[in-house]
Amino acid sequence: MSQWTDFRDDIVESLQVEEVTEQVKQNLTKQIVESILPAVKTAADGFTAKIKEQAKAETGWCKIRDMLVLPLVTNGLIYVVELVLNKTMEKTA
């Protein structure tokens with residue numbers, strides 16, 4: 001099995017509980033930070049590199065979108081999610 005299916009199965013299993021305790025939330029947060037975010041960052045880096053390269057051939061609003069807006073939004077969202085999850089892990093550890 002691939003790592004994705006192992007991870008998916010772990011998430012599904014961890015969400016099938018009678019009561020959602022703080023420990024369940026901490027475990028899910030840790031899984032996201034340690035397993036999902038690194039893969040998302042890698043994919044986002046590849047995506048932004050490609051659109052920045054394509055932006056060299058664009059003009060006008062499409063150039064601004066590809067050079068600035070999409071990379072900032074993509075990386076900004078990942079940064080905010082990671083920051084919030086790490087802060088909650090610090091406070092609940």
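Side-chain atoms are counted along with the backbone in the values below, which use heavy atoms only and exclude waters and symmetry mates. Values in this document were obtained by computation on a predicted structure and should not be read as measured data.
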Let me check something: any side-chain donor-acceptor pairs from residues 75-93 under 3.5 Å, sequence neighbours excluded? List them with distances.
residue : atom : partner : partner atom : Å
Asn75   : ND2  : Pro71   : O            : 3.2
Glu82   : OE1  : Lys41   : NZ           : 2.9
Glu82   : OE2  : Lys41   : NZ           : 2.8
Asn86   : ND2  : Glu82   : O            : 3.2
Thr88   : OG1  : Val84   : O            : 3.4
Thr88   : OG1  : Leu85   : O            : 2.8
Thr92   : OG1  : Thr88   : O            : 2.7

Does the side chain to side chain donor-acceptor pair (under 3.5 Å) test come out yes or no for Gln31 and Asn27, once each step is laid out? CA-CA 6 Å; Gln31 283 279 353; Asn27 291 345; over 6 Å; no

Without swapping roles, check the side chain of Ser35 against the backbone of Ile32 for a donor-acceptor pair under 3.5 Å.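 No; zero donor-acceptor contacts below 3.5 Å.
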
Connected-component partners of Ile51 among ILVMFWY, side-chain separation under 4.5 Å: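 Hydrophobic cluster check, Ile51: joined to Phe47, Leu70.
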
Under 3.5 Å, side-chain donor or acceptor atoms of residues 52-64 against the rest of the protein: list the pairs with distances, not counting sequence neighbours.
residue : atom : partner : partner atom : Å
Glu53   : OE1  : Lys56   : NZ           : 3.2

With sequence neighbours left out, what residues match Glu34 under side chain to side chain donor-acceptor pair (under 3.5 Å)?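 Not a single residue meets the side chain to side chain donor-acceptor pair (under 3.5 Å) criterion with Glu34.
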
Taking side-chain contact (heavy atoms from CB on, under 4.5 Å) as the definition, give me every residue that meets it alongside Lys25, ordered by chain and number, with sequence neighbours left out. Val20, Glu22

